[in-house]
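Report on the structure given below.
Values below: all heavy atoms of this structure, side chains included; hydrogens, waters and symmetry mates excluded. Order of the sequence lines sets the chain letters (A, B, ...), proteins ahead of strands, with each chain counted from 1.
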There are 2 protein chains.
Amino acid sequence: MQKPTYSVVTREQHESLVAQAYQHRGYNAEESQAAARMCSEASWHGIRTHNALKALHLDELFGSGTGGCVPDAEVKVISSRFEATETWNANRKLGQAIACDAMERCIAMADRYGVGTVAVDNAFHYLWGGGYVMDAAKRGYIAYTNCTSTLAEVVPFGGKFPTLGTNPHSWGFPTQDAVGYPVVIDWATSEIAMGKVEQYKREGKKLEQPFGVDADGNPTDPFAVKALMPFGRHKGYGLGLLNELYGAAIGGSLPTLRGRAAQADGTGEKTTSAFFFQVIHPEAISGADFSHGRTQAENITKVVQDVLGHGNESCMLPGTIEANNAKLSEKAGGLLFTEAEMGGFRELAEECGVSAETWATDALPSFSE
Amino acid sequence: MQKPTYSVVTREQHESLVAQAYQHRGYNAEESQAAARMCSEASWHGIRTHNALKALHLDELFGSGTGGCVPDAEVKVISSRFEATETWNANRKLGQAIACDAMERCIAMADRYGVGTVAVDNAFHYLWGGGYVMDAAKRGYIAYTNCTSTLAEVVPFGGKFPTLGTNPHSWGFPTQDAVGYPVVIDWATSEIAMGKVEQYKREGKKLEQPFGVDADGNPTDPFAVKALMPFGRHKGYGLGLLNELYGAAIGGSLPTLRGRAAQADGTGEKTTSAFFFQVIHPEAISGADFSHGRTQAENITKVVQDVLGHGNESCMLPGTIEANNAKLSEKAGGLLFTEAEMGGFRELAEECGVSAETWATDALPSFSE
């Protein structure tokens, strides 16, 4: 199979356009820049499902386009008697800006208390949880986040009606010394993303295993899927439910109304998401008693080598794919976009009155693996 | 199918024998009582895989019988500059006693800081993680624990050699107001337990899905299984790896040598497990902005009802089975044991010089559902 050819766009070019697109929609400079930077991070690491075009499309469907997200909103820190946690009312501020700030605050608290936690109510989609924990892990911290996804698309294990979000969990672990990049465990708790279901339908493909159910709760093929199944049966269900419980404790309301302003209208129920962030300072959990007098980082290296040894050398770590994609971006000297994506960016440039010339494919270097 | 008949043993009768068995092996009164209480809790909630007989068998194989666990060991709290976390050197003290104390300490820290965390190095098997988080959840807290399992029995996703423990995660969430019992999410990160593989072999059964691999890493049926697969493909793998990374950061050494004193002899590598405990005070993550002016508990109730509504009424929550078993124990007036289990207890009574008469089935009430 021929390797695809990409257009190479520098981070600066990319972030300039994306930030302008956000500002065009009323977001302030700071939140636009945070959003643009996280989109660059996603594309740099090959996360095509969370690139700028998707981010802006989501904003149109559920965000500033429909009131789910409020440009230039002000965050309110809820006063609390607890010293090492904070709860914020995001007032529907842009998720990427909130997430970057919350992770920063968690790090500051972890530096003092060992663990820092920020819970966020009245939140709007932060897009790519993996990006925030990866950032923190690169700075040497253990980081975690979960959130309630905008829409309920997943059935409880054995159920027939979608009452759970695809509710992702993301963990970052500083394993740079061991393998050159952080372990990033980052996935939705559904067997598959709804976007993939649509893709399978378009391509007329079937999957080996059922990943969704029909209206009666029976596992079925893509064409009859009404709702997604949790991954890993009751285990993934438990993990998806966890986000709903965190969300409920923080301030989120009924999952079946979340992100559905029209349906919730008149019910008095909130439709916003909730975020949970936590950072652990690795020194705070060190027993300082490592075999052979190793440092903590050396010990983590030995353990990772043991896991991937003994004939498991071809296995990947969670985070390997992202790290390999980052190497590719590094080699190409920028972010890699397909022709279809470039078309999307040209439309975006037109939308916000920026010259689309920069985004003409013949104006940019191309790259193929 | 006929329902089985059980002998009914009171908690007092049970804990008296089990504590004596632990003391007989050199454990002090306090740690023996903690172990006996957790065995009662497991049996009360129908967790047959973690009853007293299994606990004492494990102690024989990997614990006081072989030096993996040291009766009457003293815990040392490692001094640290962090205010809301503690790291303990368990010095191989009995896991159940450590876990009860660690959870208590987490609760005290959570009361002040919002989140309390205890990491434990040089640890020995705490048996049933679900029990500790359930206890904390019943007291109104959000609780979590993970640990590195004694033996590496699980392959990394796509691998062929077992380099990961069955590494469980356990979360407890205070949902008593919503459903009468806490949500307890508690499972190993393997597709199945090694004990089940043996059971399938004995019964000549095959499972629908492969849950293990042969020596070449190919998915296979029970009879050729050399190692277990992680549940949920790469997702469960990530979760199992997480415990190894926590363990490595705390002080654990190579997973392939853990719990294998003979193989580790002369290598200078530690063979102990590591524990991680965390408790969150629910008020610390409340945004105090619940729809219809609900309390946090009322809001959690509404969310749980929404998840299990809309045609999902027959779905269970993680923790439902345990709660139903507890109701059964309540109804029967004690712990329920099969005839085979009663035989085990009679042997145990003999082993530690206690009259076995109490454990004669005709001396006890019987119960059948």
Option in B:P318, B:A297, B:S286, B:G159 with maximal non-hydrogen atom pairs under 4.5 Å from chain A: B:S286

A:E298 side chain reached by A:F290 side chain, heavy atoms, under 4.5 Å: no

Donor-acceptor pair, side chain of A:N312 and main chain of B:K160, under 3.5 angstrom: yes

Backbone N/O of A:A193 and side chain of A:E153: donor-acceptor pair under 3.5 Å: no

B:A274 versus chain A, the contacting section by heavy-atom distance below 4.5 Å: neither

Region of B:V304 in contact with chain A, defined by heavy-atom distances below 4.5 Å: side chain

Shortest non-hydrogen contact from A:V155 toward A:A227: CG1-CB, 3.6 Å

Pair A:K270, A:N122: side-chain N/O donor-acceptor within cut-off below 3.5 Å: yes

Contacting moiety of B:I250, where chain A heavy atoms sit under 4.5 Å: both

Residue selection (most heavy-atom pairs with chain B, distance under 4.5 Å) from A:I300, A:L239, A:L245: A:L245

Top contributor to chain B interface from A:G158, A:G287, A:A249, A:P162 [non-hydrogen pairs under 4.5 Å]: A:A249

For chain B, the option from A:N299, A:T189, A:D121 that forms the most heavy-atom pairs under 4.5 Å: A:N299

Engaged part of B:R294 at the chain A interface, taking heavy atoms whose separation is under 4.5 Å: side chain

Most chain A-contacting option - heavy-atom pairs closer than 4.5 Å, from B:Q296, B:K235, B:H310: B:K235

Which portion of A:M316 sits near chain B, non-hydrogen atoms under 4.5 angstrom: backbone

Residue part contacting chain B, namely of A:L317, when any heavy atom lies under 4.5 Å: both

Contact winner vs chain B - A:F157, A:W187, A:F231, heavy-atom pairs under 4.5 Å: A:W187

Modelled atom types, side-chain donor and acceptor of B:T148 and B:Y246, under 3.5 Å: no

Contact winner vs chain A - B:A284, B:G251, B:A178, heavy-atom pairs under 4.5 Å: B:A284

Whether over 12 other heavy atoms sit under 6.0 Å from B:R233 CZ: no

Heavy-atom contact with chain B under 4.5 Å, split by part of A:A248: both

Largest heavy-atom contact set with chain A, pairs under 4.5 Å, which of B:P156, B:G232, B:A119, B:G311: B:P156

Ring geometry between A:H169 and A:Y144 (parallel below 30°, tilted from 30 to 60°, perpendicular above 60°): parallel

Heavy-atom donor-acceptor pair, B:N89 side chain to B:N91 backbone, under 3.5 Å: yes

Distance-only side-chain donor-acceptor flag, B:D306 / A:T256, under 3.5 Å: yes

Max heavy-atom pair count under 4.5 Å with chain A, selected residue of B:G217, B:S80, B:G252: B:G252

Check against side chain to side chain contact (heavy atoms under 4.5 Å, CB included), B:L242 and B:F276: CA-CA 11 Å; B:L242 204 57; B:F276 180 89; over 6 Å; no

Engaged part of B:I285 at the chain A interface, taking heavy atoms whose separation is under 4.5 Å: both

Heavy-atom pair of closest approach, residues A:L151 and A:R258: CD2-O, 3.8 Å

Among B:E283, B:E86, B:H292, B:K302, residue most engaged with chain A (heavy-atom pairs, under 4.5 Å): B:H292

Contact origin within A:T301 toward chain B - heavy atom pairs under 4.5 Å: neither

Donor-acceptor contact below 3.5 Å, side chain B:N243 vs main chain B:P168: yes

Donor-acceptor contact present, side-chain B:D186 to main-chain B:S170, <3.5 Å: no

Interface moiety of A:V183 toward chain B, non-hydrogen atoms closer than 4.5 Å: side chain

Among the listed options A:G319, A:P174, A:G309, A:G268, the residue most often paired with chain B at heavy-atom distances under 4.5 Å: A:G268

Most chain B-contacting option - heavy-atom pairs closer than 4.5 Å, from A:H234, A:E269, A:E244: A:E269

Chain B contact via A:A152 - which portion, at a heavy-atom distance below 4.5 Å: neither

